[in-house]
Q: 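This is the structure I have questions about; it appears just below.
Numbers restart at 1 for each chain; the letters A, B, ... are given by sequence-line order, proteins then strands. Values below: every heavy atom of this structure, side chains too, minus hydrogens, waters and symmetry copies.
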There are 2 protein chains.
Amino acid sequence: MSVKIKDVAKEANVSVATVSRVLNNVPLVNEETKKRVLEAIERTGYKPNAIARSLKMQKTNTFGIMIPDIASSYFTEVVRGVEDICNMYDYNIILCNTDSEEQKEQTYLDVLIEKQCDGILYIGRGISQELKKKMVDSKVPLVTGAIHDYEYSIPSVMVDNEKAAYDMTKYLISLGHKKIAHFSDGHHNSLIAREKEEGFRRAMQEEGLALPKEWELMGEISIRGGYKMMDALLKENNRPTAVMATNDEVALGAIRRAGEEGLSVPKDISISGFNNFNISEWVQPSITTVAQPMYDIGAVCARMLIKMINKEEVENQNIIMRHDIIERESTATVK
Amino acid sequence: MSVKIKDVAKEANVSVATVSRVLNNVPLVNEETKKRVLEAIERTGYKPNAIARSLKMQKTNTFGIMIPDIASSYFTEVVRGVEDICNMYDYNIILCNTDSEEQKEQTYLDVLIEKQCDGILYIGRGISQELKKKMVDSKVPLVTGAIHDYEYSIPSVMVDNEKAAYDMTKYLISLGHKKIAHFSDGHHNSLIAREKEEGFRRAMQEEGLALPKEWELMGEISIRGGYKMMDALLKENNRPTAVMATNDEVALGAIRRAGEEGLSVPKDISISGFNNFNISEWVQPSITTVAQPMYDIGAVCARMLIKMINKEEVENQNIIMRHDIIERESTATVK
DNA sequence: CTGAAAGCGCTTACAG
DNA sequence: CTGAAAGCGCTTACAG
């Protein structure tokens with residue numbers, strides 16, 4: 001059916017070896033011959049078969065990327081960063097949505113290994129013990145994004161979540177808030193949630209502020225999740241003056257629910273987010289947040305993985321990206 | 001380095017053919033032998049090499065998916081739908097962000113063909129002549145999402161954009177609006193923009209309403225794009241009472257800019273969106289929009305492509321999905 | 001029920 | 001500078 005290297009060789013009156021050489025720009029081909037081959041390729045409309053090439057070369061030029069859900073703004077940005085770099089370096093990515101389910105993660109990992117991916121990017125909230133072991137054992141080059149594993153010290157690119165949460169809490173406190181609730185990710189495997197929790201507590205304790213149980217809500221990371229957590233919080237008699245939400249979507253849901261209750265944000269209650277999603281500066285009120293360079297996290301992950309594959313030395317194997325507090329309309333000094 | 005089928009064969013004292021048979025569940029293998037092979041696989045930790053298999057079978061079980069930008073909410077949802085179905089049927093997807101640039105599209109198409117993708121999903125706003133020809137000539141099974149090509153009648157899954165825009169315009173008119181602006185996609189290749197434009201005009205003309213040039217804005221499809229278009233509109237003396245934006249992000253940007261001007265939405269101006277993104281019911285005001293089943297469009301595209309590859313008959317090659325007007329807070333009767 | 005062998009479409013060490 | 005041949009890791013028609 002389709003034309004193969006053999007057909008081109010026949011057309012150009014050379015051997016397949018020669019055709020292969022011009023295809024791969026091996027220098028020692030006679031200019032005349034090369035021209036003839038190029039013409040034959042043109043005439044026949046030949047396209048190399050990358051699968052055959054991969055089998056021979058033991059290299060597929062494709063990465064697997066495992067994320068919880070592409071429909072979640074955070075991962076969407078990271079993936080875009082990954083893909084742009086991959087495109088520059090002639091890699092492609094196989095996208096795997098795991099929903100943070102271990103079963104799916106295991107299955108995808110097997111597929112990625114079987115499809116001989118040159119490397120794997122794992123972007124997530126945390127990795128289960130089992131998967132971690134399996135990944136490391138597989139010997140496939142691996143980089144994690146958004147999280148870091150201390151057990152195997154897998155190369156990683158992330159933000160200092162503990163510090164980021166600490167900074168945001170301190171910021172809220174600097175506004176005069178002493179009663180602060182925390183809406184966090186309820187997923188059992190979330191390393192990030194634990195780190196943020198620690199930062200939050202450290203800041204509160206430093207100031208000698210109370211941490212009542214009813215102000216530590218856990219739920220789904222989504223607008224609806226934020227809505228529900230605010231709903232639960234409002235049922236309490238003891239109301240905080242500020243809420244630190246684990247991301248901007250959660251903050252948005254919380255703002256919506258507060259508004260329905262007749263509470264004006266930030267006049268009656270301050271609400272902060274995390275990540276600085278693109279909507280956050282546009283919604284009303286715009287959301288005070290901790291910006292983190294999601295696109296760059298993806299891009300740096302990809303670059304690091306490519307370096308590893310090329311056996312280049314990677315000086316810093318655990319890159320911490322910068323975060324920034326962005327003050328906007330959803331927070332204000334306590335009245 | 002890694003264990004191959006030959007190693008398993010040796011371990012189990014059978015031929016590679018036999019190992020391959022148990023791997024592929026070919027029935028005519030002795031139970032006893034099968035068990036021995038399975039044990040050998042277990043012991044050696046053998047993982048099949050899908051690349052070798054693909055070369056032999058002429059099937060990679062991977063699709064290429066070309067979209068403008070995964071960071072755009074519309075495509076994010078569609079891709080999730082695609083991936084979920086692919087996962088069910090043991091396909092993987094190679095994600096390609098083209099930014100609607102023809103150069104990137106051409107390059108990606110070549111790569112997808114060379115990597116022997118079993119099929120390609122093209123989700124976009126429109127296809128250039130050249131790319132269309134190249135895709136069709138390549139003979140790779142192809143489905144388009146969000147758009148339909150009338151020239152080659154490529155199988156497609158989409159919403160009736162003309163009718164959807166018509167319906168939304170009619171809805172705004174039913175609210176008493178006679179002065180309606182339209183914020184649309186400025187990309188030169190956007191088929192969708194042209195269809196919506198037609199629907200908008202048809203509705204307006206049916207009612208004998210004017211279509212002044214200054215109310216037909218074109219810009220970038222994004223929150224910022226909507227902000228800018230509203231900014232331009234507000235510079236006109238002649239102000240409409242309603243704006244139909246080409247999607248919810250554009251609407252959000254427009255709402256923001258209107259607010260900055262001291263205009264209250266919907267009291268002073270009604271603004272409608274398109275697509276029903278997940279934020280749209282949560283922002284304040286929530287956005288009146290035309291819902292379209294983005295996830296399902298992706299899912300149906302994937303299913304159709306799989307059917308085509310399996311040579312199953314696809315009765316309806318141009319599937320029109322349902323759209324719905326969702327009335328929310330950003331539109332109101334004209335005062 | 002099982003094995004030897006050919007072949008999928010490439011690349012490259014080796015020989016000339 | 002060029003070609004014949006081996007080999008990447010599988011599957012399967014063929015023969016037994």
Q: Taking atom NZ of B/Lys59 as the centre, report whether more than 12 heavy atoms of other residues, nucleotides or ligands fall under 6.0 Å from it.
A: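 Atom NZ in B/Lys59 is crowded, with more than 12 foreign heavy atoms closer than 6.0 Å.
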Q: Please answer whether the main-chain N or O of B/Glu101 pairs with a side-chain N or O of B/Asp99 as donor and acceptor at a distance below 3.5 Å.
A: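 Not a single qualifying donor-acceptor pair exists.
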Q: Round to the nearest Å and state the distance from B/Asn13 atom CG to C/dC1 atom P.
A: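 Atom CG in B/Asn13 sits about 20 Å away from atom P in C/dC1.
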Q: Indicate whether any N or O donor in one side chain lies under 3.5 Å from an N or O acceptor in the other, for A/Glu77 and A/Ser73.
A: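 On atom types as modelled, these side chains do not qualify, holding no pair under 3.5 Å.
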Q: Check the distance between C/dG3's P and B/Leu28's CG and give it to me in whole angstrom.
A: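 From B/Leu28 CG to C/dG3 P: 13 Å.
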Q: May I ask which nucleotide in the shown strands pairs with D/dA13, Watson-Crick or G-U wobble, both distances under 3.5 Å?
A: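 Because no pair has both required distances under 3.5 Å, D/dA13 counts as unpaired.
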Q: Does OP1 or OP2 of C/dC1 have a side-chain N or O of B/Thr33 closer than 4.0 Å?
A: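 Checking C/dC1 against B/Thr33, no side-chain N or O comes under 4.0 Å of OP1 or OP2.
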Q: A/Leu142 and A/Met308: which non-hydrogen atoms are nearest, and at how many Å?
A: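 The answer is O-CE, 3.6 Å.
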Q: Could you tell me how far C/dG16 sits from C/dT12 if I compare only their C1' atoms? Round to whole Å.
A: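 About 16 Å, rounded to a whole number of Å.
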Q: Report yes if some heavy atom in the side chain of A/Ile65 is under 4.5 Å from a heavy atom in the side chain of A/Glu83; otherwise report no.
A: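 Answer no - side chains too far apart.
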Q: Rounded to whole Å, please give me the gap between NZ in A/Lys10 and P in D/dT2.
A: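 Rounded to whole Å, this separation is 20 Å.
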Q: At under 4.0 Å between heavy atoms, which parts of nucleotides 8-16 of chain C does protein reach? Answer with one letter per nucleotide, 5' to 3': B base, S sugar-phosphate only, - none.
A: BBBBBB---
Q: Consider side-chain hydrogen bond (donor to acceptor under 3.5 Å, both in side chains). Of B/Lys134, B/Lys139, B/Lys133, which one does B/Asp137 pass it with?
A: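 Among B/Lys134, B/Lys139, B/Lys133, the one that satisfies the side-chain hydrogen bond (donor to acceptor under 3.5 Å, both in side chains) with B/Asp137 is B/Lys133.
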